[in-house]
Each structure stands twice: as structure tokens, then as C-alpha cells.
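Just so it is clear: chains get the letters A, B, ... in the order the sequence lines come, proteins before strands, and each one is counted from 1.
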Number of protein chains: 2
Amino acid sequence: MTETPDRGAQPETSASTGPERAPSRRDRARLATTDEIKAAARELLAPAQEGSDLSLRAVAREVGMTPSAIYRYFESRHDLMEALALDAFDSVAAALGEAAAVPDRAPLQRAVDMAHAYRAWCLRHPAEFALIFRHGNVSGAGSPTWREHLLGFYRVPLVIMLEDVAAGHVALGTMATPLPVVQPEILEVAQALGPDGVCPEAVVRLTQVWASIHGFVCLELFGHAGLIMGDVAEAFEHHVRTVLGTHYR
Amino acid sequence: MTETPDRGAQPETSASTGPERAPSRRDRARLATTDEIKAAARELLAPAQEGSDLSLRAVAREVGMTPSAIYRYFESRHDLMEALALDAFDSVAAALGEAAAVPDRAPLQRAVDMAHAYRAWCLRHPAEFALIFRHGNVSGAGSPTWREHLLGFYRVPLVIMLEDVAAGHVALGTMATPLPVVQPEILEVAQALGPDGVCPEAVVRLTQVWASIHGFVCLELFGHAGLIMGDVAEAFEHHVRTVLGTHYR
DNA sequence: CACGAAAGCGAACAGTGTTCTCCAAGCAGG
DNA sequence: CCTGCTTGGAGAACACTGTTCGCTTTCGTG
């Protein structure tokens with residue numbers, strides 16, 4: 001994604017979705033170098049804590065290349081950072097999915113686990129966390145690729161929420177009416193997950209739960225929570241149970 | 001604050017908190033220039049949407065000065081941005097206070113008003129919002145001045161919450177126990193507000209309400225909310241009422 | 001008025017993102 | 001085998017950036 005800067009990397013595999021041309025020697029080398037660049041960038045990003053001061057030249061030094069050579073793989077510094085952000089989306093989504101896959105957990109406990117997994121990932125990857133929440137803005141959000149990865153991320157908690165709704169573990173019908181209207185795009189995602197029913201209320205509830213949990217993590221990562229609460233981990237646990245308690249039964 | 005770069009601006013008003021020396025002609029000129037610099041910086045910050053790319057040299061051009069001259073007023077670019085962040089704290093605190101001061105509002109409605117005032121401020125000042133939430137990190141937060149302004153900000157909703165608790169409008173005792181422990185620093189703030197009682201549960205509830213509301217605004221400002229909800233304003237209103245509904249009665 | 005501190009200028013340095021030209025490989029087809 | 005052509009990379013260059021230092025002007029205050 002967001003490659004092909006100069007003259008297009010994949011020469012003719014664009015229009016014809018034909019015989020799935022095996023990746024050539026060159027393609028594999030290119031992919032390896034791309035990954036190496038991204039790995040180096042992530043390495044340099046880690047101590048920075050803020051994605052802003054990632055130096056392209058430093059990345060080039062790290063991988064033993066000239067700064068200009070990086071431009072064979074990424075159109076710009078912004079592009080490199082966006083690629084890192086997309087990977088971060090996938091990474092945190094995987095962390096959530098892992099927490100959701102633990103067997104023999106009560107629905108409420110599974111949701112609590114996912115919240116803790118989210119917080120743990122964010123605390124462990126503060127730079128990538130900042131990266132995710134810097135790209136994209138109020139109006140139209142980012143590129144289509146960005147939207148795609150973002151939706152892919154939300155798919156993870158959404159499938160769990162829909163499952164719990166279908167199993168009757170969510171206190172449906174107790175919210176104020178009328179419910180706010182949701183985007184058709186996200187309903188399509190829900191529909192693709194199964195015919196159990198496209199339930200707008202589930203989307204609304206997930207958004208509210210998510211906003212509450214994400215908000216606490218934000219406060220913690222930017223130093224606000226620690227200024228107010230004594231034991232932040234304990235406070236998070238309590239917060240999560242309060243929030244989920246108003247939606248689960 | 002965070003001035004006095006070269007040799008100290010206020011020559012001898014530092015140690016002796018004595019006769020409140022009236023601001024000299026120079027002091028006033030200095031303050032005016034400082035404000036002009038900050039105003040220019042804010043101007044340039046507005047379209048940027050991200051605080052990162054604020055150029056000190058551009059600020060200097062805007063006010064008609066040499067870049068190096070700025071260093072007579074701020075020790076570094078970081079210092080200038082921190083000053084802007086502190087002003088932003090005061091600005092959003094004022095917006096909240098204004099919403100809280102509207103007379104003849106029911107407690108719940110007043111809380112809803114404050115939430116909307118917060119969202120409105122954030123949408124109107126996205127760059128300053130980003131500024132506030134970039135300084136400070138997980139561990140110890142920022143400078144003492146930063147903590148001071150941060151606590152000053154939280155004082156505004158806290159006094160309202162304590163008022164509502166004292167008037168019996170908050171559903172005390174319905175949370176999971178044990179309650180998480182809060183910082184003594186914030187309890188001192190609460191104590192200073194009035195002897196009505198230092199109520200740790202009020203601090204916990206405020207934190208959770210605050211995290212939930214702030215979280216939604218974060219999602220909106222970074223383009224997540226718009227991707228999921230159709231009418232974000234409507235969704236925010238619903239979210240706020242859901243959250244506050246679990247704490248007010 | 002004269003002194004001295006404050007405020008501003010201008011050059012300089014190191015570092016940045018980005019673009020350009022050029023060159024050495026590696027793969028293609030005759 | 002040789003000839004092209006595409007790709008990956010080097011290196012110089014440009015327009016910036018934040019920051020420092022020395023010099024000069026200005027202006028308030030003794």
C-alpha cells in the first residue's frame with residue numbers, strides 16, 4: 001500500500017487479475033527491504049514516544065542507505081509514517097482478537113479482557129498509538145486504505161458485540177430513544193459477519209463503550225489519569241466494569 | 001511562565017515577594033510582545049491542525065522579527081508551544097466554566113451543557129486540542145506549571161460534581177466496590193473548594209464521566225466517529241446522556 | 001546626560017525533507 | 001553473447017528548520 005513511487009513497482013499485475021503471477025525474485029527483495037525500513041523506523045520511533053520527530057535520514061542511516069534511496073520505497077516521510085500507522089492498526093486489532101479468542105470466558109469477562117488488552121497494547125506501543133491518532137482529521141478522515149484498516153480494526157470488537165447481542169447478554173432496549181443513526185458502511189460490515197441481524201443498537205453501544213474505554217487510555221497516556229488517580233490500573237479496571245455494567249446483563 | 005531566557009526578565013522581583021513592584025514600562029512592552037508572538041503562533045497553528053509543524057521562523061516572519069529575536073521571549077520552540085498549551089488549558093477551562101454558570105439549569109442538564117461546551121471548544125480549536133494532548137507523557141506528566149494548569153482545568157468540572165453530590169443529585173453508592181484510590185493532591189483541591197466533604201467517590205465518578213466524554217471527542221477529532229456514526233453531533237448527545245444517566249438520578 | 005541592560009539583527013551551523021542527475025547492477029529478449 | 005531497459009542506490013543540491021553567537025541599536029532608569 002502507498003508504494004510504487006517512481007514508475008510503478010508491479011509492472012503488469014494491475015489491470016488483469018489473472019494468473020496470480022508468482023512474486024519474482026525482485027519483488028521479494030523489494031518487500032524485504034520495505035520491511036527492513038519499516039522495522040528500522042519502528043525501532044527509532046520507540047524511544048521518541050511522539051511520532052513527529054521520526055527522521056527519515058536517521059532511518060536511512062539505520063538501514064545503511066542514502067536518504068534518497070528511501071524514496072524508492074516510500075513516496076515521502078508522511079507515506080512511511082502512514083504505512084507504520086496501518087501496521088499499528090493491524091497490530092492492535094490482532095491484540096484485541098487474541099484477547100477475544102480465549103476460550104471459556106463469560107461474555108462480560110471477555111469484554112473486560114479486551115479492554116485490558118487494548119490498554120496493554122497502547123502502553124506498550126505509545127509511539128504507534130500516537131501515530132494512529134495523528135493521521136486522519138475531523139472532516140473526511142484519511143485515505144481509503146486508512147479507512148479500510150480502521151474498519152478492519154473495528155470489526156474485531158464489533159463481531160464480539162454482535163455475538164453477545166445475539167446470545168442475549170446485552171441489555172437491549174434500555175437506552176434513550178431515538179437512537180442516533182449509524183453509517184451504512186458499518187452496517188454492511190455487520191451484515192457480512194452473519195445474518196444474525198444488522199443491529200444498529202449494537203453499533204451504537206459499541207461506539208459508546210469504545211469511546212469510554214479509549215478515553216481513559218488517552219487520559220492515561222497523556223499523563224492526566226496519573227495526576228488524579230492513585231493506582232491507574234485499578235482505576236481502569238473499575239472504569240471498565242462501570243461502563244460495561246451499563247450495557248451487559 | 002517559562003520566560004527569562006537569557007539573563008532573567010524580571011530583575012529583582014524574584015526572591016523578595018515584597019512591595020509588589022508595579023510593572024514598569026519595559027515589563028508591559030515585553031508582555032505585549034510576548035502576547036503578540038503567541039497570537040501569531042496561534043494564527044499559524046490554526047490551519048495546521050497538528051501542532052507539530054509550527055515553524056518558529058514563520059512565527060518570526062508573522063510578527064516581523066528575526067528568528068533569533070524570538071529567543072528573547074521563549075527559551076525554545078518547545079517552550080513557546082508549552083506556553084500555548086497552558087493558555088489552551090485556561091481557554092477550555094473558561095469555556096467549561098461559562099457553560100456551568102448558566103443559571104436555572106437542572107443539574108443533569110448543566111452537566112450535559114458542559115459536555116457540549118467541551119466538544120464545541122475542541123472542534124473550534126483542533127490545533128490547541130492537539131497541543132494539550134501532546135505535551136505530557138505516561139510517567140510523570142510535564143512540568144510543575146503544566147500540572148498546575150491541568151489541575152486548574154479539572155477544578156472546574158470537579159466543583160460542579162461536588163455541588164451535585166452535596167445536593168443529592170448523584171447516585172452515590174451504586175458503584176462496584178472497592179473504589180479505586182485517588183491522589184491526595186486532587187482531594188486537597190476538593191477540600192479547598194469547601195468543607196462539604198472530600199468525597200473520593202465524586203472524584204472517581206468525575207474521572208469516569210470525563211474519560212467517556214473526552215474519549216468520544218477524541219474519536220471524533222481523529223475521524224473515527226464520523227466513519228461509524230451518521231450524525232456525530234446526535235451521537236455525542238446520546239452518548240453523553242447515556243454516560244451521565246448512570247451517575248445522576 | 002550617561003550608563004547599562006534589554007531587544008533586535010544577521011550570519012553561521014547542524015540537521016531536516018525532497019529532488020535531481022548519474023551510475024551500477026540485474027533481468028529481458030534477440 | 002550482447003544489447004537494452006528497468007530497478008535500486010549514491011551523491012550533490014535546494015530550501016527549509018531550530019538554535020547559537022556576536023554585534024548594534026534602542027530606550028528606560030539611575
| query | Between the side-chain atoms of A/Thr33 and the base atoms of D/dG8, is any donor-acceptor pair under 3.5 Å? | reply | no
| query | For the pair made of CG in B/Asp53 and C1' in C/dG17, what is the distance, rounded to whole Å? | reply | 13 Å
| message | Mind checking if A/Ser76 touches a base, just sugar-phosphate, or nothing, with heavy atoms under 4.0 Å? | response | sugar-phosphate
| field | Parallel, tilted or perpendicular: rings of A/Trp210 and A/Phe153 (30°, 60°) | value | perpendicular
| message | On the side chain of B/Ser68, is there an atom forming a donor-acceptor pair with the base of C/dG10 - under 3.5 Å, no angle test? | response | yes
| said: Just N and O in the side chain of B/Tyr73: are any of them under 4.0 Å from OP1 or OP2 of C/dA6? | reply: no
| query | Starting at CZ of A/Phe74 and ending at P of D/dG8, how long is that distance when rounded to a whole Å? | reply | 13 Å
| field | Smallest separation among heavy atoms of A/Ala41 and A/Leu54, with atom names | value | O-CD1, 3.8 Å
| message | Please report whether the ring centroid of A/Trp146 lies less than 6.0 Å from that of B/His224. | response | yes
| Any chance the rings of B/His214 and A/Phe216 have centres within less than 6.0 Å? | no
| message | Surrounding CD of B/Glu234 (heavy atoms of other residues, nucleotides or ligands, distance under 6.0 Å), is the total greater than 12? | response | yes
| Side-chain (B/Arg61) to main-chain (B/Thr66) donor-acceptor, under 3.5 angstrom | no
Which atom pairs link the protein and nucleotides 15-17 of chain D when you take only N or O atoms and keep those under 3.5 Å?
| residue | atom | partner | partner atom | Å |
| --- | --- | --- | --- | --- |
| D/dT17 | OP1 | B/Ser55 | OG | 3.1 |
| D/dT17 | OP1 | B/Arg61 | NH2 | 3.4 |

| field | Length of the line joining B/Leu31:CG and C/dA6:P, which is rounded to integer Å | value | 16 Å
Please write out each protein N/O paired with an N/O of nucleotides 26-28 of chain C under 3.5 Å, distance rounded to 0.1 Å.
none

| query | Of the nucleotides D/dC23, C/dG10, D/dG9, which has the atom closest to the B/Arg72 side chain? | reply | D/dC23
| B/Arg155: what forms a side-chain contact (heavy atoms from CB on, under 4.5 Å) with it, not counting sequence neighbours? | B/Val189, B/Leu193
| query | Could you state the CZ-P distance from B/Arg30 to C/dG8, rounded to the nearest angstrom? | reply | 9 Å
| task | Give the nucleotide from the list C/dC20, C/dT18, D/dG9 with an atom nearest to the side chain of A/Tyr71. | result | C/dT18
| field | Whole-Å distance separating the CD atom of A/Glu62 from the C1' atom of C/dT16 | value | 17 Å
| field | Atom-to-atom span, CG of B/Asp79 to P of D/dG18 - whole angstrom | value | 14 Å
| message | By the definition side-chain contact (heavy atoms from CB on, under 4.5 Å), identify the one residue from B/Leu84, B/Leu151, B/Leu150 that meets it with B/Phe89. | response | B/Leu150
| C/dA6 P sits how many Å from B/Arg28 CZ, rounded? | 17 Å
| task | Take atom CD1 of A/Ile70 and atom P of C/dT16, then tell me their distance rounded to the nearest Å. | result | 13 Å
| message | Among D/dG8, C/dC9, C/dT18, which nucleotide has an atom closest to any side-chain atom of B/Thr66? | response | C/dC9
| B/Arg42 vs B/Val59 side-chain heavy atoms within contact, under 4.5 Å | no
